[in-house]
Number of protein chains: 2
Amino acid sequence: MSLAQIRYFVAVAEEGNVGRAADRLHIAQPPVSRQIQALEAEIGTPLFVRTPRGMRLLPSGEAFLHRARRILNALEEATAAARAAGLTSAEVERGTVASRRG
Amino acid sequence: MSLAQIRYFVAVAEEGNVGRAADRLHIAQPPVSRQIQALEAEIGTPLFVRTPRGMRLLPSGEAFLHRARRILNALEEATAAARAAGLTSAEVERGTVASRRG
DNA sequence: CGACTTTACGGGTCGCGTAAGTATA
DNA sequence: TATACTTACGCGACCCGTAAAGTCG
């Protein structure tokens with residue numbers, strides 16, 4: 001499983017359709033379709049039902065969607081937190097935090 | 001950023017040393033070292049201080065470590081939840097849930 | 001000089017894009 | 001026959017492992 005697969009999954013779940021998800025992700029449809037298949041294969045159960053109108057979430061997909069969003073949010077938060085702590089340390093090393101005059 | 005990078009980071013943070021982290025991950029040292037560098041480059045700040053004795057977490061690294069663990073836990077939980085919901089649906093479709101006579 | 005991290009280099013794998021195929025209403 | 005998902009195929013990028021180099025007490 002990769003973060004790309006998780007992002008693709010969320011896009012498809014929210015758009016209800018591989019084509020629009022691909023547009024939103026700025027990539028072609030086939031990679032999205034393939035990665036969704038790989039994700040379902042790894043989890044061991046389908047996440048969508050395929051209809052001629054698009055992709056509809058199964059209960060397994062709904063369950064995964066909530067957690068997928070949490071993972072992506074946690075990822076952004078982790079990056080932001082580390083970056084903020086890093087900047088703070090850099091400021092401390094230059095003695096520019098206590099007074100905030102820098 | 002990739003899940004592999006996050007896993008490598010946690011291993012290095014917990015082992016305090018690239019070599020032991022690599023052993024634990026069952027891969028060679030150089031990939032671990034490279035991925036940690038790539039992670040730091042992407043975040044934009046160092047996460048460790050390098051000493052001749054190993055790698056020591058900076059405040060930014062501590063901040064990232066907590067979130068990294070949460071991400072990996074959320075990932076496992078997401079897989080388990082989807083798998084469980086999928087099995088339940090499969091049982092429902094075969095009519096084997098209500099009575100549990102398998 | 002010993003332990004650890006980093007750089008160099010070659011090979012295999014993975015993922016994307018284009019093009020063609022399949023299916024349903 | 002229009003719309004949407006899927007398979008086929010070729011190519012570039014990424015990642016790993018081995019080997020060599022750099023660094024600090």
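As the structure is a computational prediction, the values presented were derived from the model and not from experiment. Numbers restart at 1 for each chain; the letters A, B, ... are given by sequence-line order, proteins then strands.
For B/Gln5, no side-chain nitrogen or oxygen approaches OP1 or OP2 of D/dC15 to under 4.0 Å. Checking the phosphate oxygens (OP1, OP2) of D/dC15, no side-chain nitrogen or oxygen of B/Tyr8 falls inside 4.0 Å.
Screening residues 10-32 of chain A for salt bridge (Lys or Arg N to Asp or Glu O under 4.0 Å), with sequence neighbours left out, gives A/Glu14-A/Arg24, A/Glu14-A/Arg69, A/Glu15-A/Arg20, A/Glu15-A/Arg24. Applying the salt bridge (Lys or Arg N to Asp or Glu O under 4.0 Å) test to every pair with at least one member in residues 56-68 of chain B, sequence neighbours left out, gives these pairs: A/Glu77-B/Arg67.
Both A/Gln35 and A/Pro52 lie close to DNA chain C; mapped to their nearest nucleotides by heavy-atom distance, the more 5′-ward contact belongs to A/Gln35. Heavy-atom nearest nucleotides on DNA chain C were determined for A/Ser2 and for B/Asn17, and the one closer to the 5' end corresponds to B/Asn17.
Partner B/Leu47 forms a side chain to side chain contact (heavy atoms under 4.5 Å, CB included) with one of B/Leu39, B/Ile36, B/Leu58, B/Val12 and no other, that one being B/Leu39.
Under the ring pair (Phe, Tyr, Trp, His ring centres under 6.0 Å) criterion, B/Phe9 pairs with B/Phe48, B/Phe64, sequence neighbours left out. For B/Arg70, there are no salt bridge (Lys or Arg N to Asp or Glu O under 4.0 Å) partners, not counting sequence neighbours. B/Arg50 pairs by the side-chain hydrogen bond (donor to acceptor under 3.5 Å, both in side chains) definition with B/Glu40, not counting sequence neighbours.
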All N/O contacts under 3.5 Å from nucleotides 6-13 of chain D to the protein, with atom names and distances to one decimal?
unit_1 : atom_1 : unit_2  : atom_2 : d
D/dT6  : OP1    : A/Arg50 : NE     : 2.7
D/dT6  : OP1    : A/Arg50 : NH2    : 3.3
D/dT6  : OP2    : A/Ser33 : OG     : 2.3
D/dT6  : O5'    : A/Ser33 : OG     : 3.4
D/dT7  : OP2    : A/Gln37 : OE1    : 2.9
D/dT7  : OP2    : A/Gln37 : NE2    : 3.4
D/dA8  : N6     : A/Arg34 : NH1    : 3.2

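Remark: P of D/dT3 and CD of A/Glu15 are 18 Å apart, rounded to the nearest angstrom. Rounded to a whole Å, the CD1 atom of B/Ile27 is 14 Å from the C1' atom of D/dT18.
The footprint of chain B on DNA chain C, defined by a heavy-atom cutoff below 4.0 Å, extends from C/dC4 to C/dC9.
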Using residues 27-34 of chain B as the side-chain source, report each donor-acceptor pair under 3.5 Å to any protein atom, sequence neighbours left out, with the distance given to one decimal.
none

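An angle of 30°, rounded to 10°, separates the two end axes of the helix from C/dC1-D/dG25 to C/dA25-D/dT1, each defined over five pairs.
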